[in-house]
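Quick notes on the structure that follows.
All chains are named by letter (A, B, ...) in the order of the sequence lines, taking the proteins before the strands, and each is independently numbered beginning at 1.
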Amino acid sequence: MNKLKTIDRSVRRNFLTYAIVIVAYVLLQLLSSARGFSPTLRGQLVPICAYVVMALSLNLTVGILGELSLGHAGFMSVGAFSGAIAASALQAAVPSPGARLAIAMLIGAIFAGIVGTIISVPVLRLNGDYLAIVTLAFGQIIKSLIENLYVGVDDAGLHFSFLKPSITLAQGGRMILNGPMGIPNITKISTFLAGFILILITLVIIFNLVRSRAGRAIMALRDNRIAAESVGINVTKYKMMAFVTSAALAGAAGALFALGQNTIVAAKFDFNTSILILVFVVLGGLGNMLGSIIAAAALTILPEALRGFADYRMLIYAIVLILVMLGTNSPQLKAMLQKLLPGKKREEV
Amino acid sequence: MMTFLTHLINGISLGSVYAIIALGYTMVYGIAKMLNFAHGDVIMVGAYVCFFAVSSYHLPPVLGVVIAMLLCTALGMLIERLAYKPLRQAASLAVLITAIGVSYFLQNGAQLLWGSNNKMFPDILPGDGIALFGGELHISVATIVTILACIIIMLALTWFTGNTRMGKAMRAVSEDKGAAQLMGINVNTTISVTFAIGSALAAIAGVLYMSSYPILVPTTGSMPGIKAFTAAVFGGIGSIPGALLGGVLLGVIEIFAGAYISTQLANAIVFLVLIIVLLVKPTGLLGKKIREKV
């Protein structure tokens with residue numbers, strides 16, 4: 001028992017995060033099998049897992065590395081499309097859906113990681129708001145490129161075409177990606193269990209990275225770049241490490257998301273999606289992984305839960321968002337809240 | 001040659017709209033150091049107000065624009081007072097998320113009030129325009145008005161920030177908030193006026209944008225908003241001539257890329273050029289170099 005006490009706070013916190021995720025999974029799985037969920041809510045389980053991983057990976061860039069990224073959905077898009085194409089092409093070669101999903105997520109992560117590496121070269125030369133705008137620009141470019149990409153498959157393998165759907169396929173071949181029409185008729189192979197495992201893997205990767213020598217270097221860069229540089233920390237290397245890890249995780253989340261949908265189109269992963277994920281991260285707390293998980297899950301369910309308000313739900317969502325930001329950041333409102341809460345008042349006296 | 005000139009003029013016209021919107025971004029950024037993502041949606045509100053004034057109440061278009069400007073000014077100041085002012089000391093990311101919340105609010109509010117179906121913006125600038133070179137080069141009235149409006153607004157703003165008390169106060173606040181306050185400048189009023197000007201310009205830009213691209217939906221403002229924001233960064237955010245330069249260049253690049261390279265890739269090319277410019281000049285074309293202090 002004493003041993004537990006001596007473990008430092010951040011480790012205890014990490015264990016708490018793992019524990020909460022596992023308990024939440026078991027509870028949701030029980031509720032789901034006991035038919036305690038409406039079909040729409042059950043359909044949300046896989047997207048929630050994907051968004052949780054997206055939020056966790058963006059938190060690595062924004063919270064741990066301290067750089068604002070407005071194009072995170074671009075990596076999700078790369079992962080979603082490469083993963084879905086891989087799953088579709090491997091349909092015959094890998095019959096087991098679980099194995100196919102794992103391969104698709106891995107391929108999604110690799111492609112997103114490659115794109116992240118390419119992007120990080122120009123991105124990491126910039127700072128602050130300029131870096132943010134370049135990530136926004138990359139998100140838009142990725143969207144435009146995928147919207148003009150056509151992919152078909154036949155016995156000879158994959159065929160690609162850009163801008164024009166001019167692919168001639170051998171007999172028995174079929175188109176997978178149809179430019180702006182996206183990928184139709186996806187075989188849904190993502191499961192809640194797979195999403196849960198991906199969340200756990202993401203947590204393991206992020207917690208281990210943060211608690212390593214590299215993680216401390218990354219956080220030193222966030223806190224004071226000049227000081228970190230002057231003690232010999234390689235700025236580009238560590239920034240890139242965080243950025244590419246974040247991109248690869250987003251790619252895996254994208255593949256998970258895509259393979260749980262009937263159809264995906266490139267327009268789905270636009271600026272608004274990037275912003276949505278950023279909202280999860282900021283509401284959950286920068287650098288706080290448990291916060292990201294809760295915020296992503298809660299805010300994905302919130303529009304569903306507000307369905308009773310029909311047309312007003314997105315308006316209420318916006319108001320809730322503004323009020324939460326004001327409530328947690330405005331000094332006047334904080335003082336007012338403290339007066340309202342009797343417990344806090346006594347503390348002041 | 002004539003098609004080249006036509007594309008060039010169209011590009012300058014589109015760029016003028018971007019420049020007017022970019023002014024709102026750049027002035028607010030210069031003074032409040034915040035990215036006001038709700039600015040694009042103020043454009044949309046301005047366009048809707050003018051639409052209803054002209055097509056439902058049959059007011060003359062000029063009056064419609066004035067009403068849109070007044071309402072947008074009030075809206076901009078209200079947003080600033082309610083959502084941004086309490087966060088003046090907060091982290092910039094908190095303000096950014098609040099601005100996004102305001103943007104969602106405006107878009108969904110507009111959808112509730114006015115419906116999500118397309119509205120065709122009336123042609124408020126009719127007429128044949130001018131035909132040059134024996135009718136080979138045709139310039140529409142909307143194009144002429146847009147470019148003229150942009151030039152007038154630029155000149156007026158340059159005069160305003162250079163010569164009036166309020167304009168000087170704005171420059172002082174953007175330079176150093178604390179020192180400006182010590183000199184007796186009311187920082188809150190100055191910021192509020194900046195939002196008012198930016199929002200009034202957004203209303204004008206909304207109407208001008210609509211006279212070239214007349215389909216009005218609640219999300220109309222977001223794409224020109226993002227483009228104008230890009231234009232502001234392109235020219236050097238915080239700089240008024242930079243917003244003009246960035247806006248016009250962005251418009252011209254967009255039209256040329258669409259005409260000569262590929263329509264589908266026009267947006268991608270615009271953003272690619274932005275990235276290249278930022279790599280060569282990390283603070284934009286006319287941005288001030290920020291020296292890092294240790």
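A:L136 touches chain B through its side chain: at least one heavy atom from C-beta onward sits under 4.5 Å away, while N, CA, C and O do not. Residue contact with chain B, scored on non-hydrogen atoms closer than 4.5 Å, involves the backbone and the side chain of A:L315 alike. Heavy atoms closer than 4.5 Å to chain A are found in the side chain of B:S262, but not in its backbone. Contacts of A:L68 with chain B are made by side-chain atoms alone, with heavy-atom separations under 4.5 Å and no backbone atom involved. Using a 4.5 Å cut-off between heavy atoms, B:L82 contacts chain A through its backbone alone, with no side-chain atom that close. Both the backbone and the side chain of A:L276 have a heavy atom closer than 4.5 Å to some heavy atom of chain B. With a 4.5 angstrom heavy-atom cutoff, B:L279 touches chain A via backbone and side-chain atoms both. The part of B:M223 that comes within reach of chain A is its side chain, from C-beta onward, which places non-hydrogen atoms under 4.5 angstrom from that chain. Neither the backbone nor the side chain of B:I276 comes within less than 4.5 Å of any heavy atom in chain A. For a residue to count as touching a neighbouring chain, one of its non-hydrogen atoms must lie under 4.5 Å from one of that chain's; by this rule B:L35 touches chain A with the side chain only. At a 4.5 Å heavy-atom cutoff, A:V320 makes no contact with chain B through either its backbone or its side chain.
Note: A:N148 CG to B:T263 OG1 = 9.5 Å, rounded to the nearest 0.5 Å. A distance of 13.0 Å separates CD of A:Q140 from CG of B:L272, quoted to the nearest 0.5 Å. Put simply, CG on B:L93 and CE on A:M325 are 7.0 Å apart, with the number rounded to the nearest 0.5 Å. How far CD1 of A:I319 is from OH of B:Y104: 14.5 Å, rounded to the nearest 0.5 Å.
Heavy-atom pairs under 4.5 Å with chain A were tallied for B:N267, B:I275, B:V270, B:T98; the largest tally goes to B:I275. Between chain A and the options B:G101, B:A99, B:G284, the largest number of non-hydrogen pairs under 4.5 Å is found for B:G101. In terms of heavy-atom pairs under 4.5 angstrom with chain B, the leader among A:I133, A:L321, A:V134, A:N224 is A:I133.
For residues 280-290 of chain A, the interface with chain B (any heavy-atom pair closer than 4.5 Å) comprises A:V282, A:L286, sorted by residue number.
Contact between A:L126 and B:P282 at its shortest, heavy atoms only, is CD2-CB, 3.7 Å. Of all non-hydrogen atoms in A:I322 and B:F105, the two that sit nearest each other are CD1-CB, 4.4 Å. Heavy-atom minimum distance, A:S144 versus B:L265: O-CD2, 4.3 Å.
You'll find the side chain of A:Y317 stays beyond 4.5 Å of the side chain of B:N108, heavy atoms only. The shortest side-chain heavy-atom distance between B:I97 and A:I275 does not fall under the 4.5 Å cut-off.
More than 12 heavy-atom neighbours from other residues, nucleotides or ligands sit within 6.0 angstrom of CZ on B:R171.
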